[in-house]
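For reference, positions follow the sequence shown, starting with 1. Computed from a predicted structure; not experimentally measured.
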Amino acid sequence: YYTASAGVPRPNVAMALAIKKNLEVMDALGDTHDVPYLSPSDVHFKDEWLLDGYHLNEEGERAKAHWILTGVIRLLAADP
């Protein structure tokens, strides 16, 4: 998910479409192989965490790690 902020280039439409398709393929692969998939589209990365519109700064990486950790904990708690 992307929102514009000052000085950060907006990803072009082709790149946004490619990312969307990639996420759909990853989700389908998880379903096909009965593997849980934590979609990055489930989390909102703040504009100020983006160095160049794509790559996360240190705070963004910490938020991503927290999102992954909570997702894994949720999956482990749901699986008897």
Side-chain angles (χ1 to χ4, degrees):
Y1 185 78
Y2 179 86
T3 56
S5 66
V8 177
R10 183 163 184 81
N12 64 41
V13 174
M15 178 62 81
L17 181 59
I19 291 170
K20 181 180 182 294
K21 287 182 179 182
N22 189 351
L23 295 176
E24 289 170 353
V25 167
M26 296 299 292
D27 190 38
L29 283 170
D31 288 344
T32 299
H33 297 284
D34 197 27
V35 175
Y37 173 61
L38 299 173
S39 175
S41 62
D42 294 340
V43 64
H44 175 73
F45 294 106
K46 295 180 181 179
D47 292 341
E48 60 265 22
W49 295 345
L50 298 171
L51 296 170
D52 56 6
Y54 301 99
H55 299 97
L56 295 169
N57 64 16
E58 186 175 338
E59 185 179 2
E61 289 292 346
R62 278 195 303 271
K64 180 176 72 172
H66 181 266
W67 162 69
I68 292 169
L69 176 63
T70 57
V72 169
I73 289 170
R74 186 178 67 246
L75 289 169
L76 291 173
D79 191 18

### Query
Can you find a pair of side-chain heavy atoms, one from Leu51 and one from Leu56, that are under 4.5 Å apart?
no
### Side chains of Arg74 and Leu38 in contact at under 4.5 Å (non-hydrogen atoms)
yes
Let me check something: any side-chain donor-acceptor pairs from residues 21-31 under 3.5 Å, sequence neighbours excluded? List them with distances.
| from | atom 1 | to | atom 2 | distance (Å) |
| --- | --- | --- | --- | --- |
| Glu24 | OE2 | Lys20 | NZ | 2.5 |

### Message
Checking Ile68 now: which residues fulfil side chain to side chain contact (heavy atoms under 4.5 Å, CB included) with it, not counting sequence neighbours?
### Response
Lys64, Val72
### Query
If you round to the nearest 0.5 Å, how far is CH2 of Trp67 from NE2 of His44?
14.0 Å
### Task
Could you tell me which non-hydrogen atom of Phe45 sits nearest to which non-hydrogen atom of Gly60, and how far apart they are?
CE2-O, 4.4 Å
### Task
Of all the heavy-atom pairs spanning Asn57 and Glu59, show the shortest one and how long it is.
OD1-N, 3.1 Å
### Query
With Ser39, which residues qualify under side-chain hydrogen bond (donor to acceptor under 3.5 Å, both in side chains), at least two apart?
Ser41
